[in-house]
Amino acid sequence: MAEVVIVRDADEAGEIAADLIEKLVRGTPDAVLGLATGSTPLTTWTALGKRGLDFSRVRGFALDEYVGLEQGHPQSYRSVIDREVVGPLRLTAELVRVPGDSGPIETAGDDYEAAIAAAGGIDLQVLGIGRTGHIGFNEPSSSFGSLTRVKTLTKQTRADNARFFDSIDDVPTHCITQGLGTILRARHLVLLAFGEAKAQIIAGALEGPLTASLPASVVQLHPRVTVIVDEPAASDLAFADYYRYAWEHRLPWEKV
Ligand code: F6R
């Protein structure tokens, strides 16, 4: 079972996720981070940026990227990562990869897997969750064994992400994303979710059946998962009281 931490709000969640990343980077200055984009991880990056840590040797692998946006498009995940993560954390831009950033798109998935392997694997993968249950852009029906590849976005995800574009027609139809199998190989998963709109999908992912229809349920197979949710996102969790009790009664060595 994942460790589930129920917090007041996204700011508190960002501090806890930042604690986990700080501990990793203090012990391993060239740690490998898996980077999510979207709204959810913003408080984590903000909290980390204030801690004065040296991230110059940290390596990063973004979870996903749109296919079909021109280079430098402000909503490409390369641009978003540069703006929201590389800048505030003072990462070394050359050490941060985004799927599809080299070579032809047909072979970009295999190249990305090889680059992750060459880096020694991802130490800590930050994840958000979409309302379809996707992590990365692994939409429903994604194989639990899938690796980095091109996927078609669902209409729901395109509608959800239309807020970042002038119109829904401008949201790309395709993406390249780490697979569920790629995500499972990371050594520690930190999954964040905020707001009532994520409550049902979080409950399904953590407490429902393991199913490709809800791709994030794959986290139930991972040996080390920290889920950090605010009260509204936790509102459908059947075992919420147990999660609170377990967090309050952490043993000294379990605390960051
Ligand atoms: C982003 C990603 C997606 C988002 C998810 C939630 O790199 O892989 O899975 O984490 O769509 O998006 P937000 O955080 O905007 O609600």
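Note that ligands are numbered from 1 as they come in the structure, with each ligand's atoms numbered from 1 the same way.
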Parallel, tilted or perpendicular, as decided by the 30° and 60° cut-offs, for the rings of F137 and Y77: parallel
Parallel, tilted or perpendicular: ring planes of H73 versus F165, cut at 30 and 60 degrees: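 Rings of H73 and F165: tilted, 30 to 60°.
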Among all protein heavy atoms, pick out the one at the shortest distance from [atom]; state its residue, atom name and that distance to 0.1 Å.
atom	result
atom 1 (C) of ligand 1	T37 OG1, 3.2 Å
atom 6 (C) of ligand 1	I129 O, 3.4 Å
atom 9 (O) of ligand 1	G136 O, 2.7 Å
atom 5 (C) of ligand 1	H134 NE2, 3.4 Å

Heavy-atom pair of closest approach, residues R149 and Q178: NH1-O, 4.0 Å
Closest heavy-atom pair and its distance - V171, A162: CG2-CA, 3.7 Å
Residue selection (non-hydrogen contact nearest atom 7 (O) of ligand 1) among T157, D64, T132: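 It is D64 that holds the nearest heavy atom.
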Option whose closest heavy atom lies nearest to atom 10 (O) of ligand 1, chosen from G38, S39, G128, P215: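 Selected option, by shortest heavy-atom distance: G128.
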Contact check, K198 vs ligand 1, heavy-atom distance below 4.0 Å: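 Judged by the 4.0 Å heavy-atom criterion, K198 does count as contacting ligand 1.
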Stepwise side-chain contact (heavy atoms from CB on, under 4.5 Å) check, I135 with V218: CA-CA 9 Å; I135 49 176; V218 77; 3.9 Å; yes
Atom pair CG (L69) and SG (C175), whose distance is rounded to the nearest 0.5 Å: 11.0 Å
For L63, the ligand 1 atoms whose distance to one of its heavy atoms is below 4.0 Å: 8 (O)
Contact partition for T40 relative to ligand 1, non-hydrogen atoms under 4.0 Å: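 For T40, backbone and side-chain atoms both sit under 4.0 Å from ligand 1.
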Proximity to ligand 1 by part of R163, non-hydrogen separation under 4.0 Å: side chain
Pair T152, E139: side-chain N/O donor-acceptor within cut-off below 3.5 Å: no
